[in-house]
Peer 1: 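Below: one structure in C-alpha cells.
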There are 2 protein chains.
Amino acid sequence: MEKASRVLILVFFFTLLLTSTHQYHPLDPLTPSELNQVRTIVKGSSISPGRNLTFHYVGLDEPDKPTILSWLPDQTRENPPRRAFVIIRANQETHEIVVDLSTNSIILDQVYGGNGYPLLNFEEQIAASKSATTYAPFIASIGKRGLKVEEVVCGSFTIGWYGEEERTNRVVRVMCYYLDETVNLYMRPIEGITVTVDLDTMEIVRYYDRMVIPVPKAEGTDYRESEQKPPFVPSVKAVTVVQPEGRSFSIDGNTIRWANWMFHLGFDMRAGAVISLASIYDLDKDEYRRVLYRGFVSELFVPYLDLTEEWMGPRELYQMFSVYLNDKPEISYGGIPKVQYQGKWRGSVYTHKDQIHEEVYGTLLAENTMGAYHEHFLSYHLDLDVDGDANSLIKTTLQTTRVSNSRSPRKSYWTAVSERAQTEADARIQLGSKPTELLVVNPNKKTKVGNPFGYHLIPGSVVGSILTDDDYAEIRGAFAKYHVWVTPYNKSEKWAGGLYADQSRGNNNLESWWLRNRGIENKDIVLWYTLGFHHVPYQEDFPLMPTISGGFELRPANFFEHNPVLKIKPPKDVKWPNCSTPMMV
Amino acid sequence: MEKASRVLILVFFFTLLLTSTHQYHPLDPLTPSELNQVRTIVKGSSISPGRNLTFHYVGLDEPDKPTILSWLPDQTRENPPRRAFVIIRANQETHEIVVDLSTNSIILDQVYGGNGYPLLNFEEQIAASKSATTYAPFIASIGKRGLKVEEVVCGSFTIGWYGEEERTNRVVRVMCYYLDETVNLYMRPIEGITVTVDLDTMEIVRYYDRMVIPVPKAEGTDYRESEQKPPFVPSVKAVTVVQPEGRSFSIDGNTIRWANWMFHLGFDMRAGAVISLASIYDLDKDEYRRVLYRGFVSELFVPYLDLTEEWMGPRELYQMFSVYLNDKPEISYGGIPKVQYQGKWRGSVYTHKDQIHEEVYGTLLAENTMGAYHEHFLSYHLDLDVDGDANSLIKTTLQTTRVSNSRSPRKSYWTAVSERAQTEADARIQLGSKPTELLVVNPNKKTKVGNPFGYHLIPGSVVGSILTDDDYAEIRGAFAKYHVWVTPYNKSEKWAGGLYADQSRGNNNLESWWLRNRGIENKDIVLWYTLGFHHVPYQEDFPLMPTISGGFELRPANFFEHNPVLKIKPPKDVKWPNCSTPMMV
C-alpha cells in the first residue's frame with residue numbers, strides 16, 4: 001500500500017509539470033502518457049504476439065544534436081518528431097526498438113546479437129527471489145541454519161564475465177538476507193549458499209550450500225530513529241533556510257533559470273538526472289553562451305575485492321536509477337541507489353580480530369560481520385561545448401625547471417607547459433602523480449588579450465582502479481582506471497560501461513571506442529571524468545555508514561574577460577526572525 | 001576613525017568574554033589587560049632603558065602539556081602560573097622574553113643568536129613605506145613614469161635567503177602600487193623598481209630603477225559593489241538560516257560545546273584560531289574521550305615562480321594573523337589575510353598574448369597585467385591524542401595482488417597492507433601516487449572485536465611543492481614537499497617554517513626536527529598535514545579572484561563500536577515562515 005501511494009504521488013508530480021508548460025522541449029523525458037503509449041504499441045505489435053515480453057529500458061530517442069541546435073534559436077518552429085528508444089526481452093532475445101509516437105508506429109526493431117544483457121527489471125528480480133525461496137533445497141538450507149524462511153529476503157545480482165568464450169545465459173546470482181527483528185537486512189547476510197537463476201526461464205540452474213556461516217545478530221543493526229534507545233547525545237536545535245522573497249530560480253517546463261544560468265533538466269531511467277544545454281548569459285556580449293550540451297552520470301562501477309566463492313561475480317556494475325514499465329497501469333519512477341546498502345557487509349565466522357589468520361578481504365565490524373573492501377567509481381559524461389561545438393583539450397603540466405646561476409640566485413621554478421591533445425590517445429589521463437591543469441577550450445575564439453575561451457576541470461579526487469589490466473572486472477569497467485578520457489562526440493557513445501553492461505565483455509564500452517584513436521582537436525568532444533572512492537570500512541560504518549561526499553568543479557578559465565561574479569548584486573540582508581510563532585512540527 | 005572604532009569594538013568583545021566566566025582556563029589567550037601588563041613590564045625593564053624596542057610576538061607561554069592534563073579533571077585547583085612569551089627587537093638584537101604576570105616580572109630574557117628574524121609589525125612596515133615614498137630617487141622614478149606620488153601606496157616584503165653565508169641585516173623589499181581611481185591597488189603594481197630598506201635603521205640600503213613598465217589602467221579593477229555599473233546579472237533572492245529555538249552550541253569562556261563535542265578555542269597572533277582539548281562524549285563509555293590536544297595552522301607558504309629581478313625574494317613566507325602591541329593605549333587584534341590580495345599580479349609590457357615570445361611566469365589577464373604563477377601551502381599542526389597520549393601512525397597501502405588461476409577466476413584484487421610507523425623517517429609521506437589510508441591509532445586500546453581506536457586523515461588535496469630539493473625556498477618551506485609528517489610531541493616544535501621564518505635558512509623548521517628520526521611508535525605524536533594549491537591564474541581571477549576552498553577531514557575509524565551519529569536525535573522540522581513581516585535591510 002505504501003508503495004502504491006508513492007507511485008501515485010510521483011505520477012501526479014509529473015502531470016503537474018506537463019500542464020504548466022504549453023509546449024514540450026524536444027529533450028523533455030517521456031511523459032507518463034507517452035510511456036503508456038509505448039507499452040501499448042510494443043505489446044500490440046507483432047514482435048511477441050503472446051504477452052511474453054519484458055521491458056528493460058524505455059527512454060527518449062532524442063533528436064540528433066544538429067537538429068536540437070537548429071531548433072533552439074527558433075522554438076516556434078515545429079518540434080522534431082517525438083520518438084522512444086526501447087529495449088525488450090522476448091523469446092530469449094534482446095530487441096532494440098524505436099517507436100514513433102506521432103505515428104503510433106514501430107520504425108525500427110532489431111535483435112541485438114552481441115554479448116551482454118540489458119538492465120534487470122523489478123518483476124524479474126522479484127520472480128528470481130521467489131524461485132529461490134520456494135526451492136526445496138534452499139528451504140532445507142535455511143532450516144539447517146535454524147532460520148525462519150518467512151524472514152528471508154533475497155536480491156538478484158548480475159554475475160559478470162570471467163573469460164568464458166561461449167555465450168552464457170541470462171542468469172543472476174540470488175543472495176539472501178535475514179530480517180527477524182531488524183529492517184537492516186543487509187547487515188544480516190545469509191552466507192555460504194550459491195543460487196543461480198536463469199531469468200529467461202526462472203529456473204534454478206545451480207544450487208550449492210558450501211558451509212554454514214553464522215548470521216550476524218539483529219541487535220544494534222536498526223538505524224531508524226524511532227528504534228534508537230536512550231541515552232542520546234545532547235540534541236541539536238532545529239535549523240532552517242528561509243527565502244522570504246521566494247526562490248531565486250525559475251522553472252518553465254523542464255528549463256531552469258538561476259542567476260545568469262539556463263539549462264534543461266531531464267530524467268533518464270538509467271542515468272537519473274540529465275543536464276542539457278547549459279548556457280550562461282554574458283553581460284559584456286549580451287548573449288547566452290553555450291557551456292555544456294549534456295552532462296550526466298554515465299556509469300557506476302563498484303568492484304568488490306573478495307575472492308570468497310559466493311562473492312564472485314555479484315556486485316559489480318550497477319546503474320543508478322530505474323524506471324519500470326510493467327503489466328500494471330502504474331508507472332514507477334524512482335531512484336534506486338542500490339549500492340548504498342547492498343551487499344557491502346558479509347557474514348563471517350569470526351567474532352574477534354585475534355581469531356583471523358587468513359586474508360578476509362575486509363574489516364571485522366562487529367561479531368560475524370565483515371565490511372568488505374570495495375570501491376566506487378562514477379563516470380561523468382560531460383559534453384562540453386565551450387562557446388560552440390569545436391573544442392580542444394589543453395593539458396597543462398607544471399614542469400620543474402632548473403635555473404642556471406647566471407639567470408637568478410634561485411635554483412628552480414616551475415612553469416606551465418601546455419599541449420593540445422590531437423587524438424584520443426593523448427587525452428586518457430591518470431591524475432595525481434604530477435600536477436596537471438585540464439582545460440576544454442574553444443581554440444577559435446579568444447579574449448581581448450588573446451587567451452582561448454576555456455573551462456577548467458577541477459577534479460575532486462584522484463582515486464582510480466588499481467586492478468590489473470587483464471582483470472575481467474577491469475576490462476568491463478575500464479573507464480575506472482583513468483580519471484579523464486576525451487572522445488569525439490558520437491550520439492551512440494553514452495554508457496561508459498556499455499549499453500549492455502550485464503555480462504559485458506568490454507567490447508562496447510568507453511575503452512573500446514577510445515581504441516579507435518580518433519581525432520579530437522578542434523572538434524565536438526566529450527570529456528569523461530571518473531570520480532572514485534576506495535572504501536576500507538571501519539566500525540563507524542556499522543550498522544549504516546555516515547555520508548561521504550565527493551565531486552568535481554567546472555570553472556570558467558579565460559571564458560570571460562574578467563570575474564563575472566562581481567556583476568551579481570548580492571541579495572539584501574534579511575533581518576530575522578520577526579515572527580509571531582515559529583511552528584515546530 | 002574607522003580603524004579606531006573597530007579597535008574599540010574588539011576590545012569590548014574580549015571584555016565581555018572575560019566577565020562571563022568566573023575563572024580563566026589555563027589555555028585562554030592573553031587578555032587586553034594582560035597584554036598591557038606585558039608591555040608595561042617589558043618597556044619598564046632594563047632591557048632597553050630608552051624607548052627603542054619593538055614588539056614582534058606576544059602570546060601565552062602555555063603551561064606544559066602534563067600540567068594541563070592534570071589540571072583538567074580537577075579544575076577547582078589553583079591554575080598554573082600565567083605567563084607570556086614575548087619576542088622583541090632592541091638594539092638590533094632579537095630577545096626572547098618570558099614574563100610572569102602574577103609576579104609582574106621578567107623570568108627569562110635571552111638574545112637569539114641564530115639565523116632568521118621575527119615577524120614584521122605594523123609600525124615598521126609603515127615606516128619602511130615612508131622611507132621609500134620620501135626618498136628623492138624614488139620620487140624621481142615615480143615622476144619619470146608620469147605618476148602622482150600621493151597616489152602611491154607601498155608594502156614591505158621579506159626577502160628570503162639565497163645561500164648567502166654571511167649574516168644579512170634585517171631588510172625588506174618595499175614594493176609599491178598605484179591608487180588613482182581605484183581601491184584595488186594590487187592590480188596596479190609599479191614594476192621595475194627595487195627598494196631595499198633596513199628595518200633596524202629605516203635606511204634605504206639599495207635602490208635601483210631597472211626599467212619603466214606601464215602601470216595597468218584603473219578601469220575595471222574596482223571590486224566594490226557600490227562601484228559596479230549596470231547591466232547586472234538577474235539578482236538572486238535573499239536567503240538566511242534561522243534557528244528559532246536558538247543556537248545549538250554553548251560558549252563558556254573559551255570553551256565551546258556542540259552535540260557531543262567539547263573544545264577550547266583560543267587565539268594566537270601568529271596562528272590565528274587554535275583549537276585545544278577537543279574531546280567527544282561517548283555514550284557507551286559514559287565519558288569524554290580525547291581526540292585532539294591541539295590543532296592550528298602552523299605555517300602558510302606562498303612561493304612565486306617568477307625570476308623577474310624585482311620579484312626575487314619577496315612574497316614567500318607569510319603568517320596568517322597578527323596582533324600588535326605598540327606605543328598607543330589600544331591593542332589591535334585582527335586577521336590580516338595578506339596573501340589574499342597581495343602581489344599576485346604583476347605589471348607587464350604586454351597587452352596581447354601574441355606579443356609574448358619569452359617566459360613570462362604567468363598568464364596575461366588584462367592589458368599590462370600578468371597573473372603570476374604561484375602556489376599556496378598550509379601546514380596544519382594536529383596534535384592528535386586518540387583516547388590518550390600514546391598513539392601510532394598506521395599507514396595502510398592498498399596493494400594489487402595477482403590471483404593464481406586455481407584460487408579464483410579473477411585475475412587480481414587489492415588488499416589493505418598496514419604498517420605501523422616506527423620512526424619519523426617512516427611517516428613522511430607524499431600522497432597521490434598510490435592509494436593509502438592514514439590512521440592515528442591508540443595501539444593500547446581496542447574495540448570489542450579487536451580493532452585499535454583510531455582517527456582517519458582524509459586529505460582534501462594532494463598538491464605538493466615541485467621545486468627542487470636544493471632550492472632555497474624549498475629549504476625554508478620544506479614542509480610543503482610532503483603531505484604528511486609525524487613528529488614526537490615537543491612543546492617547542494610549533495612552527496613548520498621555524499620560529500624565525502624571515503630569512504630562515506631552514507635550520508629550525510619541520511624538516512630539521514624530522515631529520516633526527518626520533519621514535520614515534522606508541523608515543524605522544526603530532527601529525528602535520530600540508531594542504532596545497534597550485535595557482536595558474538585565469539582571467540576570471542581579475543580584478544579579484546572568486547573563492548576557492550579546500551580542507552581535510554578527520555574521521556573516527558574504529559574509535560567507536562558503531563556509528564555514533566545514530567544517537568543524535570534529529571532536530572524537529574521547522575515549519576516556516578509564519579511571520580508577520582520579514583524585514584529586509
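Side-chain atoms are counted along with the backbone in the values below, which use heavy atoms only and exclude waters and symmetry mates. So you know, we letter chains A, B, ... as the sequences are listed, proteins then strands, and number each from 1. Please read all numbers here as calculations on a predicted model, not as lab measurements.
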Peer 1: With side chains defined as the heavy atoms from C-beta onward, is the minimum distance between B/V449 and A/Q539 less than 4.5 Å?
Peer 2: yes

Peer 1: Just say parallel, tilted or perpendicular for the rings of B/Y361 and A/Y413, cut-offs at 30° and 60°.
Peer 2: perpendicular

Peer 1: Report the option among B/G464, B/G460, B/P546, B/G220 that has the most heavy-atom pairs separated by less than 4.5 Å from atoms of chain A.
Peer 2: B/P546

Peer 1: Does A/F559 offer a backbone N or O that forms a donor-acceptor pair with the side chain of B/E540 under 3.5 Å?
Peer 2: yes

Peer 1: Which residues pass the side-chain contact (heavy atoms from CB on, under 4.5 Å) test with A/K237, not counting sequence neighbours?
Peer 2: B/Q243, B/E245, B/S248

Peer 1: Looking at B/V462, B/T547, B/T363, B/I458, which makes the most heavy-atom pairs under 4.5 Å with chain A?
Peer 2: B/T547

Peer 1: Should we say atom CD of B/E164 is surrounded by more than 12 heavy atoms from elsewhere, each under 6.0 Å from it?
Peer 2: yes

Peer 1: Taking every non-hydrogen pair under 4.5 Å, which of B/K434, B/E367, B/E561, B/R224 racks up the most with chain A?
Peer 2: B/E561

Peer 1: Would you confirm whether B/K569, through its side chain, and A/V236, through its main-chain N or O, come within 3.5 Å as a donor-acceptor pair?
Peer 2: no

Peer 1: Which heavy-atom pair separates B/A238 from A/P244 by the least distance, and what is that distance?
Peer 2: O-CD, 3.9 Å

Peer 1: As an exercise: rank B/Q399, B/E375, B/R257 by heavy-atom pairs under 4.5 Å with chain A and give me the winner.
Peer 2: B/E375

Peer 1: Under a 4.5 Å cutoff for heavy-atom pairs, which residue among A/L439, A/I568, A/D286, A/L467 has the most contacts with chain B?
Peer 2: A/L467

Peer 1: Can you tell me if B/T468 uses its side chain to pair, donor with acceptor, with the backbone of A/S412 under 3.5 Å?
Peer 2: no

Peer 1: Quick one: pull up NE2 in B/H562 and CG in A/D541 and give me the separation to the nearest 0.5 Å.
Peer 2: 13.5 Å

Peer 1: For B/V233, does its backbone N or O pair with a side-chain atom of A/N260 as donor and acceptor, under 3.5 Å?
Peer 2: no

Peer 1: Find the one option among B/A259, B/G362, B/P564 whose heavy-atom pairs under 4.5 Å with chain A are most numerous.
Peer 2: B/A259

Peer 1: Side chain from CB out, backbone as N, CA, C, O: work out which of these in B/R555 comes under 4.5 Å of a heavy atom of chain A, or both, or neither.
Peer 2: side chain

Peer 1: Please state whether the rings of A/Y373 and B/W414 are parallel, tilted or perpendicular, taking 30° and 60° as the class boundaries.
Peer 2: parallel

Peer 1: Side chain, backbone, both or neither: which part of A/V463 has an atom under 4.5 Å from a heavy atom of chain B?
Peer 2: neither

Peer 1: In Å, rounded to the nearest 0.5 Å, how long is the span from OG of A/S235 to NZ of B/K572?
Peer 2: 8.5 Å

Peer 1: How long is the straight-line distance from OG1 of B/T396 back to NE2 of A/H534, given to the nearest 0.5 Å?
Peer 2: 13.0 Å

Peer 1: So, taking the atom named CG in B/L566 and the one named CZ in A/F542, what distance separates them when rounded to the nearest 0.5 Å?
Peer 2: 10.0 Å

Peer 1: Given a strict heavy-atom distance threshold of 4.5 Å, which part of B/E359 is in contact with chain A: side chain, backbone, both, or neither?
Peer 2: side chain

Peer 1: Under a 3.5 Å distance rule, please check whether A/T400 uses its side chain to pair with a backbone N or O of B/I466 as donor and acceptor.
Peer 2: yes

Peer 1: Kindly write out the residues that satisfy salt bridge (Lys or Arg N to Asp or Glu O under 4.0 Å) with A/R402, not counting sequence neighbours, or none if the list is empty.
Peer 2: B/D470

Peer 1: So does B/P231 get a backbone contact from the side chain of A/K567, meaning a donor-acceptor N/O pair under 3.5 Å?
Peer 2: yes

Peer 1: Heavy-atom distances under 4.5 Å only: say whether B/P230 touches chain A with side chain, backbone, both or neither.
Peer 2: backbone

Peer 1: Go through A/T415, A/N558, A/V239 and name the one with the most non-hydrogen pairs under 4.5 angstrom from chain B.
Peer 2: A/N558

Peer 1: Is chain A contacted by the side chain of B/I548, its backbone, both, or neither, given a heavy-atom distance below 4.5 Å?
Peer 2: both

Peer 1: May I ask you to test the A/R410-B/Y162 pair for a side-chain heavy-atom distance under 4.5 Å?
Peer 2: yes

Peer 1: Do the non-hydrogen side-chain atoms of B/L398 and A/V536 ever get within less than 4.5 Å of each other?
Peer 2: yes

Peer 1: Under the 3.5 angstrom rule, does the side chain of A/N563 hit a backbone N or O of B/P543 as a donor-acceptor pair?
Peer 2: no

Peer 1: Would you name the heavy atoms of B/K411 and A/Y472 that are closest together and state the gap between them?
Peer 2: CE-OH, 3.3 Å

Peer 1: Against chain A, work out which of B/S433, B/G163, B/P234 has the most heavy-atom pairs shorter than 4.5 Å and name it.
Peer 2: B/P234

Peer 1: Quick one, B/T447 and A/Y538 - any side-chain contact, counting heavy atoms below 4.5 Å?
Peer 2: no

Peer 1: Do any N or O atoms from the side chain of B/K353 and from the backbone of A/K448 form a donor-acceptor pair under 3.5 angstrom?
Peer 2: no

Peer 1: Evaluate whether atom CD of B/E219 has more than 12 neighbouring non-hydrogen atoms of other residues, nucleotides or ligands under 6.0 angstrom away.
Peer 2: no

Peer 1: For B/L365, does its backbone N or O pair with a side-chain atom of A/N451 as donor and acceptor, under 3.5 Å?
Peer 2: no

